[in-house]
Amino acid sequence: MTLNIRVIAPDRTVWDANAEEVILPSSTGQLGILTGHIPLLTAIDIGVMRVRIDKDWIPIVLLGGFAEVDNNTITILVNGAEEGNSINLEAARSSLEQANSILEKAETNKEKIEATQNVRKARARVQAANVINR
C-alpha cells in the first residue's frame, strides 16, 4: 500500500506521485506520514519535505502552506516549492551567504522579518541540494 502525494503551488502541480513515506516540515516540527495515517490538517512551514520511494529519499523544498492527510492521500497546498534535484548546490550556498549578510544589516522590524524568511528559504534550498549531492 502506498500514499498518493500531490504538491500544488499557485502556478503548477509540483509533485504528483505515490510513495511509501513522507516527512513534512509542519509548523510544529517534522511530521512523518505512513499509510493508514489518521485524517489530519496541518500548517506547513518553510523547509524540506522528504518523500521515500522504494529506498530513495527525494527532497522537495516547501515555502509554507497547508497539508491534508486523508485515506492515504496527502494534498499539500504551498506558496511555492522546488524539487531538490533542480537546485544548484553552489548557487544555493551563495544565496544563503547573501541572505545571512542582509539579515545582519537589517535595521527595521520589517527588514528583519523579510531577511529571516529569506534565510530560512535559502537554508532549505541548501539542505535539499545537499541530500541530492551525497
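Atom-to-atom distance recorded for I5:CD1 and D16:CG is 9.5 Å, nearest 0.5 angstrom. Taken to the nearest 0.5 Å, the CG atom of D54 stands 5.5 Å off from the CD atom of E20. For the atom pair CD1 of I87 and CZ of R125, the computed distance is 5.0 Å after rounding to the nearest 0.5 Å. The CD1 atom of I8 lies 9.0 Å from the CD1 atom of I76; values are rounded to the nearest 0.5 Å. In this structure, CD on Q127 lies 12.0 Å from CG on L89, to the nearest 0.5 angstrom. Atoms OG1 and NZ, on T116 and K121 in that order, are 11.5 Å from each other to the nearest 0.5 Å.
The side-chain contact (heavy atoms from CB on, under 4.5 Å) search around A43 returns S27, F66, not counting sequence neighbours. Applying the side chain to side chain donor-acceptor pair (under 3.5 Å) test to N18 and every residue at least two apart in sequence or in another chain returns N4. Applying the side chain to side chain donor-acceptor pair (under 3.5 Å) rule to E90 yields the partners R93; only residues at least two apart in sequence or on another chain are considered. Contacts of T108 classified as side chain to side chain donor-acceptor pair (under 3.5 Å), with partners at least two apart in sequence or in another chain: none.
Counting only distance, with no hydrogens or angles, the side chain of S26 and the backbone of T28 share a donor-acceptor pair below 3.5 Å. Side-chain atoms of E111 come within 3.5 Å of backbone atoms of E107 as a donor-acceptor pair (strictly under, hydrogens ignored). E83 places no side-chain N or O within 3.5 Å of a backbone atom of I60 that could act as its donor or acceptor partner. For the pair S101 (side chain) and E97 (backbone), a donor-acceptor distance under 3.5 Å is absent.
Within 6.0 Å of CG on D11 lie more than 12 heavy atoms contributed by other residues, nucleotides or ligands.
Counting only residues at least two apart or in different chains, side-chain hydrogen bond (donor to acceptor under 3.5 Å, both in side chains) contacts with residues 67-77 are absent. For residues 39-53, every residue pair satisfying the side-chain hydrogen bond (donor to acceptor under 3.5 Å, both in side chains) rule, not counting sequence neighbours, is listed here: E21-R52, D45-R120.
L96 has its side chain within reach of V119: a pair of non-hydrogen atoms, C-beta onward, lies under 4.5 Å apart. In this structure, P25 and I46 have side chains that are not in contact, with every pair of non-hydrogen atoms separated by 4.5 Å or more.
Between I38 and V69, the shortest heavy-atom distance links the atoms O-CG1, 4.0 Å.
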